[in-house]
Amino acid sequence: MDDEVRTEQIIKDIFKRGKDCFIPRYKSSRIHMDMLQLSSLQDMETLPLTSWNIRQPAEDDNTREEALDGGGLDLILVPGLGFDGLGKRLGRGKGFYDTYLDRCMKHPKGKPYTIALAFKEQLCQEIPVSDNDVLIDEVLYEDDDSGGP
């Protein structure tokens with residue numbers, strides 16, 4: 001979304017390195033999300049846009065592998081509005097990622113490593129969570145005060 005870190009360069013790098021890439025398909029009517037395989041960068045660029053301005057496979061696209069039907073996932077980049085130093089995340093309130101990560105925990109491979117890509121302004125002292133919220137393993141953000149490039 002417009003207020004989140006852009007991931008196009010990461011996706012380009014995934015395909016350049018010959019890795020598998022899965023992207024979310026949200027079903028708002030059921031509060032359900034699947035991670036479906038992309039075949040190429042060009043494949044992603046042809047996907048329809050949702051009302052949230054997110055490219056995702058169409059509802060009737062049944063040709064793509066769902067990650068949990070196969071080998072599972074190693075890593076998920078998790079979006080959010082805010083993050084704290086303990087791995088707590090403020091999402092958009094629907095529970096798509098928490099529910100999906102719960103499904104991952106039931107897969108033989110288990111929960112993938114989770115990274116939140118954040119702007120420094122999204123870092124919070126503390127995020128309130130419920131029992132259904134799944135903690136993020138790592139939050140990456142650009143630190144302008146680091147003295148680096």
Side-chain angles (χ1 to χ4, degrees), residues 1-17 19-38 41 43-45 47-59 61 64-107 109-149:
M1 298 185 83
D2 290 338
D3 58 351
E4 295 173 355
V5 174
R6 307 298 301 176
T7 57
E8 290 89 350
Q9 292 302 319
I10 295 169
I11 293 171
K12 283 181 185 177
D13 193 60
I14 289 169
F15 286 116
K16 181 179 174 184
R17 294 173 185 267
K19 304 287 184 185
D20 291 331
C21 183
F22 294 80
I23 62 168
R25 177 173 63 190
Y26 306 93
K27 293 183 182 177
S28 296
S29 59
R30 295 179 28 211
I31 310 296
H32 180 83
M33 182 178 85
D34 288 316
M35 287 287 189
L36 302 178
Q37 189 165 24
L38 278 178
L41 186 61
D43 180 22
M44 186 185 79
E45 292 168 351
L47 294 175
L49 286 170
T50 68
S51 60
W52 297 326
N53 206 30
I54 298 171
R55 291 200 179 277
Q56 72 173 25
E59 285 272 341
D61 182 347
R64 299 170 189 275
E65 178 185 352
E66 205 294 324
L68 297 180
D69 291 340
L73 295 167
D74 297 317
L75 170 71
I76 294 182
L77 300 179
V78 183
L81 298 173
F83 310 93
D84 72 13
L86 299 176
K88 298 175 186 173
R89 176 183 79 94
L90 175 64
R92 296 187 182 270
K94 300 280 188 189
F96 287 113
Y97 278 85
D98 294 316
T99 302
Y100 191 80
L101 288 167
D102 185 58
R103 285 172 53 203
C104 289
M105 288 185 244
K106 295 172 181 150
H107 186 273
K109 187 167 192 167
K111 178 185 170 282
Y113 194 76
T114 52
I115 296 177
L117 302 177
F119 297 109
K120 191 173 182 179
E121 295 79 12
Q122 292 176 287
L123 302 179
C124 304
Q125 285 292 93
E126 185 177 352
I127 301 282
V129 294
S130 71
D131 291 340
N132 297 329
D133 292 328
V134 179
L135 297 183
I136 302 302
D137 295 307
E138 188 172 351
V139 178
L140 296 180
Y141 62 95
E142 181 178 31
D143 187 355
D144 296 334
D145 301 328
S146 66

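We're numbering straight along the sequence, starting at 1. Side chains included, hydrogens not; waters and symmetry mates left out as well; all remaining heavy atoms used.
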query: Going from CZ on Phe22 to CD on Glu66, what distance comes out if it is rounded to the nearest 0.5 angstrom?
result: 8.0 Å

message: Looking at every heavy atom in both Ile10 and Leu117, which two are closest together, and how far apart are they?
response: CD1-CD1, 3.5 Å

field: Residues in side chain to side chain donor-acceptor pair (under 3.5 Å) contact with Tyr113, at least two apart in sequence or another chain
entry: Glu138

task: Report the residues that fulfil side chain to side chain donor-acceptor pair (under 3.5 Å) with Asp61, sequence neighbours left out, ordered by chain and then residue number.
output: Thr63, Arg64

- prompt: Lys88 and Ile127: which non-hydrogen atoms are nearest, and at how many Å?
  reply: CD-O, 3.1 Å

statement: Taken in chain and number order and not counting sequence neighbours, the residues that satisfy side-chain contact (heavy atoms from CB on, under 4.5 Å) with Gln9 are Lys12

- prompt: Could you give the distance from CD1 (Ile136) to CZ (Arg89), rounded to the nearest 0.5 Å?
  reply: 5.5 Å

query: OG1 of Thr7 to CG of Asp13: how many Å apart, nearest 0.5 Å?
result: 12.0 Å

- prompt: For Asp133, which residues count as a side-chain contact (heavy atoms from CB on, under 4.5 Å) partner, sequence neighbours excluded?
  reply: Asp98, Val129, Ser130

List the atom pairs, donor and acceptor, that lie under 3.5 Å between side-chain atoms in residues 73-83 and the rest of the protein, sequence neighbours left out.
unit_1, atom_1, unit_2, atom_2, d
Asp74, OD1, Lys109, NZ, 2.4

- prompt: CZ of Phe96: more than 12 outside heavy atoms within 6.0 angstrom?
  reply: yes

query: Taking side chain as C-beta onward, heavy atoms only, is Pro57 less than 4.5 Å from Leu38?
result: no

message: Please enumerate all residues that pass side chain to side chain donor-acceptor pair (under 3.5 Å) together with Asp137, with sequence neighbours excluded.
response: Lys111, Thr114

Least distance between heavy atoms, Val139 atom then Leu123 atom: CG1-CD2, 3.9 Å

- request: Only counting residues at least two apart or in another chain, list the ones meeting salt bridge (Lys or Arg N to Asp or Glu O under 4.0 Å) with Lys16.
  value: none

task: Would you confirm whether His107, through its side chain, and Gly70, through its main-chain N or O, come within 3.5 Å as a donor-acceptor pair?
output: yes

Under the side-chain contact (heavy atoms from CB on, under 4.5 Å) test, residues paired with Pro24 that sit two or more places apart: Tyr26, Met33, Met35, Tyr97

task: Please report the closest heavy-atom contact between Tyr100 and Asp34, naming both atoms and the distance.
output: CE1-CA, 4.0 Å

task: Apply side chain to side chain donor-acceptor pair (under 3.5 Å) to Lys19 and list each qualifying residue two or more places apart in sequence or on a separate chain.
output: none

field: Residues in salt bridge (Lys or Arg N to Asp or Glu O under 4.0 Å) contact with Arg30, at least two apart in sequence or another chain
entry: none

query: What pairs with Glu45 under salt bridge (Lys or Arg N to Asp or Glu O under 4.0 Å), at least two apart in sequence or on another chain?
result: none

task: Find the distance between CZ (Arg6) and CD1 (Ile11) and round it off to the nearest 0.5 Å.
output: 9.5 Å

message: If I compare all heavy atoms of Cys21 with all of Ile14, which pair ends up nearest, and what's the gap?
response: CB-CG2, 3.7 Å

field: Minimum side-chain heavy-atom gap Leu86-Leu135 below 4.5 Å
entry: no

message: Once side-chain contact (heavy atoms from CB on, under 4.5 Å) is applied, do any residues pair with Arg55, and if so which ones, sequence neighbours excluded?
response: Leu47, Leu49

